[in-house]
Amino acid sequence: MAEAADFQGTSPSPARRWLRRTGAVLAGTPLLTGLLQLPAASPAAAATPAAPRAASDDGSVAVSVDSLTPGAPAEGDTVTVSGTVTNKGKKTVTDASVGLRVGSLLDTRSSIDTVAKNSDDIGSPVGAEIDDKYTEKFSKLTPGVSQPYTISVPADELDLGQDGVYDLSVTLTGETSDQPWEQTLGVRHTFLPWQPDEADIKTKTTFMWPLISTVHMTAETGSDEEQTPVFHDDELAEEISPGGRLDRMVALGKDLDVTWVIDPDLLASVEAMTTRYEIPGENADDKNAVGGHQSVAKRWLTEVQKAVADKEVVALPFGDPDLASLAHHGTSVTGSLRHLKEATDVAAGTIESILHVNASTDFAWPVEGAVDPSIIKVSTSAGADKVITRGDTFEGGRDLTYTPTAPRPIGGGTTAVVADARLSTVFDGDMTRASASTQAVQRFLAQSLTLALQTDRPRSVVIAPQRTPSAAQAQTMAEAIGALQDSTWSQPQDLTAAAKSKPDPDAGTEVPPAAAYPKSLRKQELPRSAFEQIARTQDKLDRFKVILSDPSRVVTPFGRALNRGMAASWRGRPTEAAIYRSGVEAYLDTLSSQVRLIEKSETKLSGRSATIPVTVQNNLVQGVEHLVLRLTSTNPTRLEIDGNAYEEQPIAVSGGHSQSVKFTTNANANGRATVVAQLYTQDGRPYGQPVTFDVKVTEITATVMLVIGGGVLLLVLAGFRMYTQRKRAAARQAEERDQEHAADAANADAGDAKNPEASERRPAQESAPDTREDALEQPSDPAPDTAPESADPSGTGERVDR
């Protein structure tokens with residue numbers, strides 16, 4: 001963007017210019033008079049000037065400005081400047097003096113940048129020194145030694161004219177042994193904003209205050225009912241502990257008029273720390289250590305709740321996903337935008353449940369506000385209609401002599417909220433040194449005032465600093481915001497109000513092309529392989545969750561872990577990012593493998609039909625269901641499963657148990673048949689690894705079956721023959737008995753005629769039971785295999801069996 005917004009259209013007042021010129025003439029008169037009166041001076045004397053000049057040993061003394069209060073003085077204030085002077089040279093400096101000089105009015109924003117870039121250049125214009133009584137003197141400055149100074153000057157003595165930003169310089173003058181004349185040996189330029197009266201139209205300023213951290217939680221949780229979370233480190237505890245980075249962000253931000261921009265993952269992670277949590281040990285064999293920062297976590301969350309009360313809160317998508325990486329490498333991977341949508345959907349609810357405030361999800365914030373059409377499209381795909389960009393990557397507008405207001409309509413109902421680049425980046429860098437912090441504060445105030453004086457148009461300015469400021473950067477930001485809130489030219493405004501303010505019709509609204517995206521940022525993006533791995537893990541999760549009796553125990557932690565795998569905080573850390581994503585996938589594989597088929601050895605079948613048991617083991621805490629176990633014969637002509645090539649049976653196994661499923665098999669031939677057992681989900685997708693084993697069929701062959709069948713037939717025929725033979729024998733015996741009975745009857749009749757008494761006794765004998773052995777036999781009984789034993793005594797020497 002052209003530096004068209006630098007012109008303030010003002011210059012120093014005529015009275016002030018006359019005073020400066022008069023002072024310069026008066027200061028030069030003694031020197032000219034002396035030169036005219038000296039007829040022939042020595043070379044050394046001729047080289048000695050009457051006024052300080054830059055040393056040939058350029059910048060031999062380092063000057064720092066560690067404090068400048070007030071940062072934006074008003075009439076009646078006393079400006080106090082303090083810092084140190086350090087002799088960096090090899091010569092001792094004598095007759096040293098530290099003084100203040102007010103330079104020219106810096107009427108453009110680029111001129112402020114130039115002075116900041118050359119803040120220690122002793123060759124830069126420094127202006128006239130203030131009254132000698134506002135100096136601090138040192139008899140000598142030893143090499144390598146620092147000396148503190150403090151100078152206090154009433155604002156009225158600074159000879160400040162019209163409103164604007166002045167170059168305020170702290171200079172050190174002195175002499176050295178090889179250059180024994182007064183000379184400027186060190187300088188430090190800073191900025192002094194001056195607008196003592198309230199502005200008629202104040203600039204509305206929005207400062208985004210980010211609460212964002214890196215990824216700390218893993219996908220792993222304990223097997224207990226509470227699902228104890230597992231962190232891959234304990235660095236978050238350091239950040240929220242007293243004096244830590246996030247602790248300072250909350251403590252400083254609570255007293256400022258800022259818009260809080262929060263990653264819900266940070267709050268969820270700290271809330272997980274309020275109870276028991278675990279951290280992996282240093283060695284792989286170590287047991288997990290229990291985190292002991294519960295009280296610290298509870299205190300920090302309480303402080304955040306107090307800080308954001310009655311303040312605007314903007315919720316980023318869960319995990320703060322890298323929108324540019326997603327746009328450039330993730331959209332071609334199926335399911336990537338689904339994760340962004342899920343991260344957005346849970347954002348507001350997470351913040352509300354923890355902080356008890358309503359958070360806006362209308363804003364998307366790409367890294368450093370750099371956008372192109374694809375980033376805009378992805379940013380708004382999850383529901384956001386406002387994209388925070390930055391002025392150094394977004395065109396400001398043609399032929400504008402001022403910085404336009406922040407909101408820019410870019411079509412499709414989307415608004416680009418263009419943050420001011422200079423104000424947003426002024427706090428980058430190391431702010432641990434007091435001099436760097438003070439310079440950043442003064443530069444921030446100078447840019448803000450110069451921007452305000454550009455035009456009398458009402459404008460909204462948005463400041464989007466770095467995502468994760470250090471504690472020192474946060475302290476510097478807080479000082480700058482505090483001074484700005486007390487200024488006469490600015491007033492605070494919420495981010496939502498800034499986005500809704502009236503756009504400038506002359507401001508640029510064209511989204512930069514893809515080719516304009518900064519190469520330095522593109523190099524840090526997540527690669528396509530990262531999104532492919534996330535998609536692969538999601539596919540495994542989808543197959544795993546359908547078999548669980550309580551899917552939420554797995555879906556929630558893994559879903560949030562996949563969001564974290566896309567975090568913008570992985571930029572510049574590709575190795576750590578890859579390790580994290582691989583850890584999530586590996587842990588899911590471990591859980592999935594807890595539901596498996598038990599390996600089987602060779603099974604033998606010794607009959608035509610038999611049952612084969614297959615065992616499913618569930619080592620998870622919760623039960624599994626909605627599974628189908630399929631047993632398939634690879635050679636159904638030899639071995640059938642329930643009359644088919646395969647059979648399926650539904651299965652459900654309680655947590656920590658195993659269950660066997662029996663399949664009926666039919667053998668058609670002997671030999672080996674390979675059988676495959678495989679688990680399937682109800683939608684027909686394979687689950688886990690199959691188990692393959694052989695079944696050895698030892699069933700009798702067909703020829704042998706015929707022989708056996710013939711033998712059985714012979715046995716049947718033999719039995720029938722034996723039956724008929726016995727029946728015939730019984731008939732003959734009955735006939736013989738009838739003949740015997742007839743003969744006996746005849747003999748009896750003959751005897752009766754001879755012996756009447758015998759005839760009278762016969763009826764009684766016939767009615768008596770027949771106790772003879774022949775009376776026990778039936779016609780169908782088989783003939784005895786051996787003759788009846790004799791009841792007579794055994795002969796001498798005969799063996800008797802008992």
Side-chain angles (χ1 to χ4, degrees), residues 5-16 68-81 102 104-109 111-112 152-168 190-207 255-259 310-312 401-407 419-420 422-423 426 438 440-463 477-495 497-498 500-502 504:
D6 285 334
F7 299 102
Q8 190 172 308
T10 58
S11 60
S13 63
R16 190 166 184 271
L68 196 163
T69 57
E75 291 182 353
D77 288 340
T78 297
V79 178
T80 300
V81 182
V102 177
S104 59
L105 188 69
L106 304 175
D107 54 3
T108 64
R109 302 188 70 184
S111 64
I112 295 174
S152 297
V153 183
D156 298 339
E157 296 290 331
L158 295 177
D159 191 26
L160 301 175
Q162 66 187 71
D163 295 347
V165 176
Y166 292 88
D167 178 359
L168 179 65
T190 188
F191 310 100
L192 191 66
W194 174 253
Q195 182 168 310
D197 299 326
E198 292 285 337
D200 295 333
I201 299 177
K202 292 187 176 183
T203 302
K204 296 178 180 179
T205 306
T206 301
F207 202 103
D255 296 324
L256 302 173
D257 289 324
V258 294
T259 293
D310 302 325
K311 301 286 183 65
E312 183 183 40
T401 59
Y402 58 88
T403 302
T405 194
D420 187 81
R422 288 186 172 95
L423 295 174
V426 70
T438 299
V441 171
Q442 295 306 121
R443 186 178 179 184
F444 176 84
L445 295 174
Q447 288 286 356
S448 177
L449 177 56
T450 305
L451 183 151
L453 294 173
Q454 289 174 341
T455 179
D456 57 0
R457 290 171 177 260
R459 285 172 296 168
S460 294
V461 176
V462 174
I463 301 166
M477 287 160 50
E479 293 177 6
I481 297 171
L484 186 63
Q485 291 177 173
D486 294 334
S487 70
T488 59
W489 65 85
S490 176
Q491 68 182 49
Q493 184 181 40
D494 290 341
L495 183 60
K500 292 181 179 179
S501 60
K502 185 178 180 180
D504 191 325

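Sequence positions, counted from 1, serve as the residue numbers for this chain.
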**OP:** Check step by step if side-chain contact (heavy atoms from CB on, under 4.5 Å) holds for T405 and K502.
**Re:** CA-CA 8 Å; T405 194; K502 185 178 180 180; over 6 Å; no
Do you know the tightest heavy-atom contact between [X] and [Y]?
{"X": "P193", "Y": "A446", "value": "CG-N, 4.0 Å"}
{"X": "V462", "Y": "A498", "value": "CG2-CB, 4.0 Å"}
{"X": "A155", "Y": "A74", "value": "CB-O, 3.9 Å"}
{"X": "S111", "Y": "L106", "value": "OG-CB, 3.6 Å"}
{"X": "P73", "Y": "L192", "value": "CD-CD1, 3.7 Å"}
{"X": "G76", "Y": "D156", "value": "N-OD1, 4.1 Å"}

**OP:** Please test I112 against F191 for side-chain contact (heavy atoms from CB on, under 4.5 Å), starting from the C-alpha separation and ending with a verdict.
**Re:** CA-CA 8 Å; I112 295 174; F191 310 100; 3.7 Å; yes
Flag side-chain contact, heavy atom, 4.5 Å: [X] against [Y]:
{"X": "E75", "Y": "W194", "value": "yes"}
{"X": "W489", "Y": "K202", "value": "no"}
{"X": "V258", "Y": "I481", "value": "yes"}
{"X": "Q493", "Y": "V461", "value": "no"}
{"X": "R109", "Y": "L423", "value": "yes"}
{"X": "Y166", "Y": "L160", "value": "yes"}
{"X": "S152", "Y": "V81", "value": "no"}

Just how far is it from atom [atom1] of [X] to atom [atom2] of [Y], taken to the nearest 0.5 Å?
{"X": "D167", "Y": "T190", "atom1": "CG", "atom2": "OG1", "result": "8.5 Å"}
{"X": "D456", "Y": "D200", "atom1": "CG", "atom2": "CG", "result": "9.0 Å"}
{"X": "I463", "Y": "S448", "atom1": "CD1", "atom2": "OG", "result": "6.5 Å"}

Just by distance, no angles: are the side chains of [X] and [Y] close enough, under 3.5 Å, to form a donor-acceptor pair?
{"X": "Y402", "Y": "D504", "answer": "yes"}
{"X": "S490", "Y": "T203", "answer": "no"}
{"X": "T403", "Y": "R422", "answer": "no"}

Would you confirm whether [X], through its side chain, and [Y], through its main-chain N or O, come within 3.5 Å as a donor-acceptor pair?
{"X": "Q442", "Y": "G71", "answer": "yes"}
{"X": "S487", "Y": "L484", "answer": "yes"}
{"X": "Q485", "Y": "P492", "answer": "no"}
{"X": "D486", "Y": "A483", "answer": "no"}
{"X": "K311", "Y": "L256", "answer": "yes"}
{"X": "T259", "Y": "L495", "answer": "yes"}
{"X": "T450", "Y": "Q447", "answer": "no"}
{"X": "T488", "Y": "A199", "answer": "no"}

**OP:** Begin from the C-alpha positions of V79 and L68 and carry the test side-chain contact (heavy atoms from CB on, under 4.5 Å) through to its verdict.
**Re:** CA-CA 7 Å; V79 178; L68 196 163; 4.1 Å; yes
**OP:** State whether D420 and R459 are salt-bridged, where the test is any N-O pair (Lys NZ or Arg NE/NH1/NH2 against Asp/Glu carboxylate O) under 4.0 Å.
**Re:**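 No, D420 and R459 are not salt-bridged.
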